[in-house]
Amino acid sequence: MPHHVYQICNRETKDIYLFWDDSKGASEYALSLVTKQKHDPKNIEISIYRKRQNSSQLVKDYSFSLTDTVDVWTNRQKLEEKMMMETNQGLRQQFKNFVADFKRFDDIIFIDWHNANGRSANQVNYMINEKTGELHISGDLGSAIFYWYGKNTWQDIASYSENLGYFLSKAEANSEEGYYDETKARKELEEYFSEENWDNRDIEEELGCTRSELIDRAMERWNKYGTGEFSNEVFDDDRTIEFLHDNDIYSAGHTVSARERLWAVGLQMILEKCGNEVGKNVF
């Protein structure tokens, strides 16, 4: 049973959308109705329901329209997009003067992404099995293996890299798997347990502490084994970790490494330069 349900109602079309314990998903979808589908924000209403303590019943906390909040969300989205563009532009500079050489062995295609001057710095080898949807990365920036378990052209797989979270979720082996940042982990908890998402009474009834005390307790039990996970020591009977797990929070603070971003940016640049390349069969 979810702790919170976010209901988005389009009063113009009478459509209703529900999000369980996902304030970010709800806000992003509501924003897309206005910015992408061009609906009037006055007609988009968000209602927040919470679960009663020791009950499966949901009660309505409050409702609001997007009229007063859409500008804030739009500006935040533009800022995030600008920051990502600036990051990608910086990474692209590391591939300045790079070229791609293609070789094909039936369903397997090799792409050698390297500096035209012959230097090996930042060189990346992409090997793609288009029949099985398999990508192997090796070279100067580390190595990884990705699986899509189905037929995908190299262009398909290169296009997937534009959604970095989705792309990296397909890695089943990765030598450069990011790191865990304490500041980022705390911020993620603060966003999840924000006043918008949680009533202080729920936390106090569950754990007998305030919102900030909950976050402090969680961070004291964070990343003890270098995996970004929340866990108790032996004989630690504090219920904070159980509470987090009940809300599907097991880890936080993961930060994508620069090399992982470079793998993706390399594929994007190859797709832009060589999107029609199929590679000659080599026997």
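We number each residue from 1, following the sequence as shown. The shown structure was predicted, so the numbers you read here are calculated from the model rather than taken from an experiment.
- Residues M127 and F105 share a single hydrophobic cluster, defined by chaining ILVMFWY side chains whose heavy atoms lie under 4.5 Å apart.
- Around the NZ atom of K187, the shell of radius 6.0 Å holds no more than 12 heavy atoms that belong to other residues, nucleotides or ligands.
- For E182 and R186, the salt-bridge test fails: no basic side-chain N is under 4.0 Å from an acidic carboxylate O.
- One finds the CD atom of E162 at 10.0 Å from the CG atom of L267 (value rounded to the nearest 0.5 Å).
- Other residues, nucleotides and ligands contribute at most 12 non-hydrogen atoms within 6.0 Å of the NZ atom of K131.
- Residues W263 and F167 keep their aromatic ring centres 6.0 Å or farther apart.
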(message) For E176 and N174: C-alpha separation, side-chain torsions, deciding distance, then whether side-chain hydrogen bond (donor to acceptor under 3.5 Å, both in side chains) applies.
(response) CA-CA 6 Å; E176 310 298 324; N174 183 350; over 6 Å; no
(message) Show, in sequence, the C-alpha distance, side-chain angles and deciding distance for R221 and D238, and conclude whether the side-chain contact (heavy atoms from CB on, under 4.5 Å) test is met.
(response) CA-CA 10 Å; R221 295 163 175 82; D238 187 277; 3.4 Å; yes
(message) Quick one, Y126 with I157, criterion side-chain contact (heavy atoms from CB on, under 4.5 Å). Give me CA distance, side-chain angles, the key distance, then yes/no.
(response) CA-CA 11 Å; Y126 299 100; I157 290 175; over 6 Å; no
(message) Could you go through L262 and V124, starting from their C-alpha distance and side-chain angles, then the distance that decides it, and tell me whether this counts as side-chain contact (heavy atoms from CB on, under 4.5 Å)?
(response) CA-CA 9 Å; L262 283 167; V124 185; over 6 Å; no
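- When all heavy atoms of E188 and K184 are compared, the closest pair comes out as OE2-NZ, 2.7 Å.
- Taken together through direct or relayed side-chain contacts under 4.5 Å among Ile, Leu, Val, Met, Phe, Trp and Tyr, I145 and I109 form parts of separate hydrophobic clusters.
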(message) One pair to check against side-chain contact (heavy atoms from CB on, under 4.5 Å): Y160 and D156. What are the steps and the verdict?
(response) CA-CA 6 Å; Y160 300 151; D156 291 333; 3.8 Å; yes
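- The closest side-chain donor-acceptor pair between S120 and Q123, if any, does not fall under 3.5 angstrom.
- Put simply, CD on E220 and CD1 on I241 are 10.0 Å apart, with the number rounded to the nearest 0.5 Å.
- Interatomic distance, N200 CG to T210 OG1, rounded to the nearest 0.5 Å: 7.0 Å.
- Ring orientation note: the planes of W198 and Y192 are tilted relative to one another, at an angle of 30° to 60°.
- Atom OG of S212 is separated from atom CG of L189 by 12.5 Å, given to the nearest 0.5 angstrom.
- Aromatic ring centres of W113 and F95 lie closer together than 6.0 Å.
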